Participant: 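Would you mind keeping the following structure in view while I ask a few things?
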Amino acid sequence: MLDIIRGQIRIFLRARTLHLCNLSLAAVFFLMMFLDSGGTGELRKPVTDYIAGSLPVFAGFASISAGLTVGMVSGADFTDKTINHELTSGRSRAVSFFGRAIPALIGAPLTALAVTALPLLLYGMLFGFGDVVPVSEVVRRLLLMLFPNIRMTAFCLMTVFILKNPTASISFSTLVMPAFALAQVADTSVPMIGKLAAHPFLLAPSGLSRLGKFDSWYTYDLSLNQYFTYDPALPASTVWPIIVCAVIMTAVYLLIGYHFFHVDDMA
(Lines give C-alpha, C1' and ligand atoms only; values in the text may rest on other atoms or scores of the structure.)
Protein backbone atom coordinates (compact mmCIF):
# COMPACT_ATOMS: atom_id res chain seq x y z
CA MET A 1 0.00 0.00 0.00
CA LEU A 2 2.85 2.40 0.76
CA ASP A 3 4.08 2.34 -2.83
CA ILE A 4 0.57 3.24 -4.06
CA ILE A 5 0.43 6.12 -1.59
CA ARG A 6 3.84 7.31 -2.80
CA GLY A 7 2.58 7.03 -6.37
CA GLN A 8 -0.44 9.18 -5.50
CA ILE A 9 1.84 11.81 -3.99
CA ARG A 10 3.96 11.84 -7.16
CA ILE A 11 0.85 12.25 -9.32
CA PHE A 12 -0.26 15.16 -7.13
CA LEU A 13 3.10 16.90 -7.30
CA ARG A 14 3.20 16.56 -11.10
CA ALA A 15 -0.43 17.60 -11.70
CA ARG A 16 0.27 20.99 -13.26
CA THR A 17 -3.31 21.54 -14.36
CA LEU A 18 -4.51 20.95 -10.81
CA HIS A 19 -1.97 23.39 -9.36
CA LEU A 20 -2.88 25.99 -11.98
CA CYS A 21 -6.57 25.68 -11.07
CA ASN A 22 -5.78 26.03 -7.36
CA LEU A 23 -3.59 29.07 -7.92
CA SER A 24 -6.26 30.62 -10.13
CA LEU A 25 -8.92 30.17 -7.45
CA ALA A 26 -6.68 31.68 -4.79
CA ALA A 27 -5.82 34.59 -7.10
CA VAL A 28 -9.52 35.26 -7.74
CA PHE A 29 -10.21 35.43 -4.01
CA PHE A 30 -7.33 37.86 -3.53
CA LEU A 31 -8.40 40.06 -6.46
CA MET A 32 -12.00 40.16 -5.23
CA MET A 33 -10.78 41.72 -2.00
CA PHE A 34 -8.10 43.87 -3.59
CA LEU A 35 -10.34 45.44 -6.23
CA ASP A 36 -13.30 46.02 -3.93
CA SER A 37 -11.79 48.92 -1.99
CA GLY A 38 -8.80 51.23 -1.90
CA GLY A 39 -9.90 53.70 -4.54
CA THR A 40 -8.97 57.37 -4.59
CA GLY A 41 -8.94 58.67 -1.04
CA GLU A 42 -10.43 55.46 0.33
CA LEU A 43 -8.79 53.37 3.01
CA ARG A 44 -8.45 49.75 2.05
CA LYS A 45 -10.62 47.43 4.11
CA PRO A 46 -8.92 44.89 6.40
CA VAL A 47 -9.19 41.22 5.57
CA THR A 48 -11.59 40.41 8.43
CA ASP A 49 -14.09 42.81 6.86
CA TYR A 50 -14.29 40.47 3.87
CA ILE A 51 -14.12 37.27 5.91
CA ALA A 52 -17.18 38.27 7.93
CA GLY A 53 -19.35 38.49 4.84
CA SER A 54 -17.67 36.34 2.20
CA LEU A 55 -16.12 33.33 3.97
CA PRO A 56 -19.01 30.96 3.02
CA VAL A 57 -18.56 31.85 -0.65
CA PHE A 58 -14.78 31.53 -0.51
CA ALA A 59 -15.02 28.16 1.26
CA GLY A 60 -17.66 26.87 -1.16
CA PHE A 61 -15.61 27.73 -4.21
CA ALA A 62 -12.37 26.50 -2.61
CA SER A 63 -13.99 23.08 -2.16
CA ILE A 64 -13.64 22.80 -5.94
CA SER A 65 -9.98 22.09 -5.22
CA ALA A 66 -10.84 19.03 -3.14
CA GLY A 67 -13.00 17.56 -5.89
CA LEU A 68 -10.41 18.32 -8.55
CA THR A 69 -7.73 16.64 -6.44
CA VAL A 70 -9.80 13.46 -6.16
CA GLY A 71 -10.58 13.44 -9.86
CA MET A 72 -7.13 14.31 -11.21
CA VAL A 73 -5.09 12.30 -8.69
CA SER A 74 -7.18 9.45 -7.24
CA GLY A 75 -9.02 8.92 -10.52
CA ALA A 76 -6.02 9.31 -12.80
CA ASP A 77 -5.24 5.59 -12.87
CA PHE A 78 -8.71 4.76 -14.21
CA THR A 79 -8.01 6.82 -17.33
CA ASP A 80 -4.88 4.91 -18.35
CA LYS A 81 -6.02 1.59 -16.81
CA THR A 82 -3.05 1.48 -14.43
CA ILE A 83 -5.32 0.24 -11.66
CA ASN A 84 -6.24 -2.79 -13.81
CA HIS A 85 -2.56 -3.74 -14.04
CA GLU A 86 -2.29 -3.54 -10.24
CA LEU A 87 -5.12 -6.02 -9.83
CA THR A 88 -3.86 -8.43 -12.48
CA SER A 89 -0.41 -8.39 -10.86
CA GLY A 90 -1.84 -9.70 -7.59
CA ARG A 91 -2.71 -6.57 -5.60
CA SER A 92 -5.84 -6.88 -3.50
CA ARG A 93 -8.69 -4.49 -4.17
CA ALA A 94 -8.52 -3.26 -0.58
CA VAL A 95 -4.90 -2.18 -1.09
CA SER A 96 -5.72 -0.45 -4.38
CA PHE A 97 -8.76 1.31 -2.89
CA PHE A 98 -7.35 2.49 0.41
CA GLY A 99 -3.95 3.26 -1.10
CA ARG A 100 -5.80 5.99 -2.99
CA ALA A 101 -8.43 6.86 -0.39
CA ILE A 102 -6.02 7.57 2.47
CA PRO A 103 -3.89 10.23 0.72
CA ALA A 104 -7.04 11.72 -0.86
CA LEU A 105 -8.79 12.10 2.50
CA ILE A 106 -5.73 13.91 3.84
CA GLY A 107 -4.54 15.87 0.83
CA ALA A 108 -7.81 17.04 -0.76
CA PRO A 109 -9.25 18.79 2.35
CA LEU A 110 -5.86 20.36 3.11
CA THR A 111 -5.69 21.64 -0.47
CA ALA A 112 -9.12 23.25 -0.11
CA LEU A 113 -8.02 24.76 3.22
CA ALA A 114 -4.89 26.21 1.62
CA VAL A 115 -6.84 27.71 -1.29
CA THR A 116 -9.19 29.38 1.20
CA ALA A 117 -6.64 30.56 3.72
CA LEU A 118 -3.59 31.64 1.70
CA PRO A 119 -5.20 34.60 -0.14
CA LEU A 120 -6.71 35.77 3.17
CA LEU A 121 -3.32 35.50 4.85
CA LEU A 122 -1.53 37.33 2.04
CA TYR A 123 -4.12 40.12 1.95
CA GLY A 124 -3.98 40.47 5.74
CA MET A 125 -0.18 40.69 5.73
CA LEU A 126 -0.28 43.41 3.06
CA PHE A 127 -3.25 45.49 4.20
CA GLY A 128 -3.97 44.49 7.78
CA PHE A 129 -6.14 41.93 9.51
CA GLY A 130 -8.43 44.34 11.34
CA ASP A 131 -10.74 43.47 14.20
CA VAL A 132 -14.15 43.05 12.56
CA VAL A 133 -14.05 39.42 13.74
CA PRO A 134 -11.29 37.79 15.83
CA VAL A 135 -8.58 36.14 13.72
CA SER A 136 -8.52 33.22 16.18
CA GLU A 137 -12.19 32.54 15.43
CA VAL A 138 -11.51 32.60 11.71
CA VAL A 139 -8.71 30.05 12.16
CA ARG A 140 -11.00 27.83 14.22
CA ARG A 141 -13.72 27.92 11.56
CA LEU A 142 -11.24 27.17 8.78
CA LEU A 143 -10.00 24.11 10.66
CA LEU A 144 -13.56 22.94 11.32
CA MET A 145 -14.23 23.18 7.59
CA LEU A 146 -11.86 20.25 7.13
CA PHE A 147 -14.66 17.92 8.28
CA PRO A 148 -17.23 18.84 5.58
CA ASN A 149 -14.42 18.77 3.03
CA ILE A 150 -13.37 15.29 4.19
CA ARG A 151 -16.99 14.21 3.81
CA MET A 152 -17.16 15.68 0.32
CA THR A 153 -13.84 14.03 -0.57
CA ALA A 154 -15.21 10.64 0.46
CA PHE A 155 -18.29 11.22 -1.68
CA CYS A 156 -16.13 12.11 -4.67
CA LEU A 157 -14.03 8.99 -4.10
CA MET A 158 -17.17 6.89 -4.02
CA THR A 159 -18.37 8.28 -7.35
CA VAL A 160 -14.95 7.81 -8.95
CA PHE A 161 -14.72 4.15 -7.92
CA ILE A 162 -18.32 3.39 -8.86
CA LEU A 163 -18.18 5.04 -12.28
CA LYS A 164 -14.46 4.36 -12.85
CA ASN A 165 -14.19 7.85 -14.27
CA PRO A 166 -12.66 10.99 -12.72
CA THR A 167 -15.12 13.25 -14.53
CA ALA A 168 -17.82 12.60 -11.89
CA SER A 169 -15.73 14.10 -9.11
CA ILE A 170 -14.64 17.06 -11.21
CA SER A 171 -18.20 17.82 -12.34
CA PHE A 172 -19.59 17.58 -8.80
CA SER A 173 -16.99 19.88 -7.34
CA THR A 174 -17.12 22.51 -10.09
CA LEU A 175 -20.93 22.68 -10.39
CA VAL A 176 -22.71 21.51 -7.26
CA MET A 177 -20.52 22.84 -4.44
CA PRO A 178 -20.27 26.48 -5.64
CA ALA A 179 -23.98 26.52 -6.54
CA PHE A 180 -24.89 25.38 -3.03
CA ALA A 181 -22.62 27.96 -1.47
CA LEU A 182 -24.08 30.83 -3.50
CA ALA A 183 -27.69 29.67 -3.04
CA GLN A 184 -27.46 29.46 0.74
CA VAL A 185 -25.74 32.83 1.05
CA ALA A 186 -27.94 34.63 -1.46
CA ASP A 187 -31.40 33.43 -0.54
CA THR A 188 -32.76 31.23 2.24
CA SER A 189 -36.42 31.83 1.29
CA VAL A 190 -36.41 28.74 -0.97
CA PRO A 191 -37.84 25.94 1.23
CA MET A 192 -35.14 23.39 0.36
CA ILE A 193 -32.29 25.86 0.86
CA GLY A 194 -33.83 27.14 4.07
CA LYS A 195 -34.07 23.62 5.47
CA LEU A 196 -30.44 22.89 4.63
CA ALA A 197 -29.38 26.16 6.24
CA ALA A 198 -31.35 25.29 9.39
CA HIS A 199 -29.79 21.80 9.51
CA PRO A 200 -26.23 22.25 8.25
CA PHE A 201 -25.24 18.67 9.05
CA LEU A 202 -27.46 17.31 6.25
CA LEU A 203 -24.94 17.92 3.45
CA ALA A 204 -21.30 18.96 3.21
CA PRO A 205 -22.05 22.22 1.32
CA SER A 206 -24.56 23.34 3.93
CA GLY A 207 -22.03 22.55 6.68
CA LEU A 208 -19.37 24.64 4.95
CA SER A 209 -21.76 27.56 4.56
CA ARG A 210 -22.83 27.45 8.21
CA LEU A 211 -19.28 27.24 9.51
CA GLY A 212 -18.32 30.25 7.39
CA LYS A 213 -21.32 32.37 8.32
CA PHE A 214 -21.06 34.97 11.10
CA ASP A 215 -24.39 35.99 12.62
CA SER A 216 -24.83 39.74 12.24
CA TRP A 217 -27.09 42.73 12.66
CA TYR A 218 -26.82 46.30 11.44
CA THR A 219 -27.68 49.84 12.51
CA TYR A 220 -27.86 53.24 10.81
CA ASP A 221 -26.51 56.62 11.86
CA LEU A 222 -28.19 59.97 11.19
CA SER A 223 -26.63 60.05 7.70
CA LEU A 224 -28.14 56.64 6.94
CA ASN A 225 -24.72 54.99 6.84
CA GLN A 226 -25.03 51.29 7.55
CA TYR A 227 -22.86 49.64 10.21
CA PHE A 228 -22.62 45.88 10.68
CA THR A 229 -21.87 44.10 13.95
CA TYR A 230 -20.86 40.44 13.82
CA ASP A 231 -21.18 37.77 16.47
CA PRO A 232 -18.07 35.54 16.22
CA ALA A 233 -19.42 32.81 18.50
CA LEU A 234 -20.18 29.44 16.95
CA PRO A 235 -22.48 27.32 19.17
CA ALA A 236 -21.33 23.82 20.06
CA SER A 237 -24.83 22.62 19.12
CA THR A 238 -23.98 23.61 15.54
CA VAL A 239 -20.42 22.30 15.46
CA TRP A 240 -20.81 18.79 16.86
CA PRO A 241 -23.60 17.59 14.54
CA ILE A 242 -21.53 18.74 11.55
CA ILE A 243 -18.46 16.86 12.80
CA VAL A 244 -20.30 13.69 13.81
CA CYS A 245 -22.29 13.50 10.57
CA ALA A 246 -19.15 14.18 8.55
CA VAL A 247 -17.35 11.27 10.21
CA ILE A 248 -20.32 8.90 9.84
CA MET A 249 -21.03 9.79 6.21
CA THR A 250 -17.33 9.59 5.33
CA ALA A 251 -17.31 6.00 6.59
CA VAL A 252 -20.55 5.24 4.71
CA TYR A 253 -19.24 6.65 1.42
CA LEU A 254 -15.97 4.73 1.75
CA LEU A 255 -17.80 1.48 2.49
CA ILE A 256 -20.12 1.96 -0.50
CA GLY A 257 -17.22 2.86 -2.78
CA TYR A 258 -15.16 -0.10 -1.65
CA HIS A 259 -18.11 -2.49 -1.99
CA PHE A 260 -18.73 -1.49 -5.61
CA PHE A 261 -15.02 -1.62 -6.39
CA HIS A 262 -14.67 -5.01 -4.69
CA VAL A 263 -17.45 -6.67 -6.70
CA ASP A 264 -16.96 -4.75 -9.95
CA ASP A 265 -15.72 -6.35 -13.13
CA MET A 266 -12.64 -4.30 -14.07
CA ALA A 267 -12.63 -5.37 -17.69
Side-chain angles (χ1 to χ4, degrees), residues 1-23 25 62-116 143 145-174 176-177 204 207-208 243-267:
M1 184 183 294
L2 289 179
D3 59 333
I4 295 179
I5 293 176
R6 287 194 293 267
Q8 292 291 289
I9 295 173
R10 285 194 297 270
I11 293 175
F12 174 78
L13 294 176
R14 296 172 182 174
R16 296 182 179 179
T17 302
L18 174 62
H19 302 324
L20 180 60
C21 291
N22 292 336
L23 289 174
L25 277 173
S63 63
I64 292 175
S65 298
L68 291 178
T69 300
V70 174
M72 295 183 181
V73 178
S74 304
D77 290 335
F78 284 103
T79 303
D80 58 11
K81 304 298 183 181
T82 299
I83 195 168
N84 293 40
H85 302 319
E86 290 180 7
L87 300 179
T88 56
S89 64
R91 296 293 182 92
S92 70
R93 301 208 178 199
V95 169
S96 292
F97 180 84
F98 288 103
R100 289 167 174 80
I102 291 173
L105 291 172
I106 297 172
L110 289 177
T111 301
L113 174 62
V115 171
T116 308
L143 293 176
M145 287 177 184
L146 287 172
F147 289 95
N149 276 318
I150 290 172
R151 176 179 177 176
M152 192 202 74
T153 299
F155 179 84
C156 291
L157 279 166
M158 179 186 71
T159 60
V160 166
F161 276 89
I162 290 176
L163 300 177
K164 296 184 289 185
N165 193 319
T167 306
S169 173
I170 296 172
S171 301
F172 175 79
S173 62
T174 54
V176 177
M177 292 295 289
L208 279 175
I243 294 176
V244 172
C245 287
V247 172
I248 293 174
M249 293 310 300
T250 296
V252 170
Y253 293 146
L254 291 177
L255 286 173
I256 294 174
Y258 175 69
H259 170 73
F260 275 87
F261 181 61
H262 181 70
V263 301
D264 191 24
D265 182 5
M266 295 299 293

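Because only heavy atoms are used, hydrogens play no part in the values below, and waters and symmetry mates are left out as well, while side chains stay in. Note that this is a predicted model, so its numbers are computed, not measured.
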Participant: A side-chain contact here means heavy atoms from C-beta on lying under 4.5 Å apart; do Leu146 and Leu110 qualify?
Facilitator: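 They are in side-chain contact.
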Participant: Run the side chain to side chain contact (heavy atoms under 4.5 Å, CB included) check on Leu105 and Leu254 step by step: do they pass?
Facilitator: CA-CA 10 Å; Leu105 291 172; Leu254 291 177; 3.7 Å; yes
Participant: Can you find a pair of side-chain heavy atoms, one from Phe12 and one from His19, that are under 4.5 Å apart?
Facilitator: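 Side-chain contact under 4.5 Å: yes.
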Participant: Using side chain to side chain contact (heavy atoms under 4.5 Å, CB included), reason through Ile64 and Val115 one step at a time and then give a plain yes or no.
Facilitator: CA-CA 10 Å; Ile64 292 175; Val115 171; over 6 Å; no
Participant: Please report the shortest heavy-atom distance between Pro148 and Leu208, naming the atom on each side.
Facilitator: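 Looking at all heavy atoms of both residues, the shortest contact is CB-CG, 3.8 Å.
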Participant: Can you list everything that forms a ring-ring contact (aromatic ring centres under 6.0 Å, His included) with His259? Sequence neighbours excluded, please.
Facilitator: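 Not a single residue meets the ring-ring contact (aromatic ring centres under 6.0 Å, His included) criterion with His259.
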Participant: Quick one: OG1 on Thr69 to CG on Asn149, what's the gap to the nearest 0.5 Å?
Facilitator: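 Thr69 OG1 to Asn149 CG: 10.0 Å, rounded to 0.5 Å.
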Participant: For residues 3-13, which residue pairs pass the side-chain hydrogen bond (donor to acceptor under 3.5 Å, both in side chains) check, not counting sequence neighbours?
Facilitator: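 Counting only pairs at least two positions apart or across chains, the side-chain hydrogen bond (donor to acceptor under 3.5 Å, both in side chains) contacts touching residues 3-13 are Asp3-Arg91.
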Participant: Nearest 0.5 Å, what's the OH-CD1 distance between Tyr253 and Ile150?
Facilitator: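 It comes to 14.0 Å.
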Participant: Compare all side-chain heavy atoms of Phe261 with those of Ser96 and state whether any distance is below 4.5 angstrom.
Facilitator: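 Phe261 reaches Ser96 side chain to side chain.
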Participant: One pair to check against side chain to side chain contact (heavy atoms under 4.5 Å, CB included): Met145 and Leu113. What are the steps and the verdict?
Facilitator: CA-CA 8 Å; Met145 287 177 184; Leu113 174 62; over 6 Å; no
Participant: With sequence neighbours excluded, what pairs up with Phe147 under the ring-ring contact (aromatic ring centres under 6.0 Å, His included) test?
Facilitator: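 Counting only residues at least two positions away or on another chain, Phe147 forms no ring-ring contact (aromatic ring centres under 6.0 Å, His included).
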Participant: For a 4.5 angstrom cut-off between non-hydrogen side-chain atoms, does Thr17 reach Leu68?
Facilitator: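 In short, these two side chains do not touch, never coming nearer than 4.5 Å.
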Participant: For the residue pair Phe98 and Tyr258, categorise the inter-ring angle as parallel (less than 30°), tilted (30 to 60°) or perpendicular (more than 60°).
Facilitator: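 Tilted, since the angle between the ring planes falls between 30° and 60°.
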Participant: Heavy-atom distance under 4.5 Å between the side chains of Val160 and Phe78, does that happen here?
Facilitator: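 Yes. Closest side-chain heavy atoms under 4.5 Å.
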Participant: Under 4.5 Å between any side-chain heavy atoms of Met1 and Ile102, yes or no?
Facilitator: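 Touching, per the 4.5 Å side-chain cut-off.
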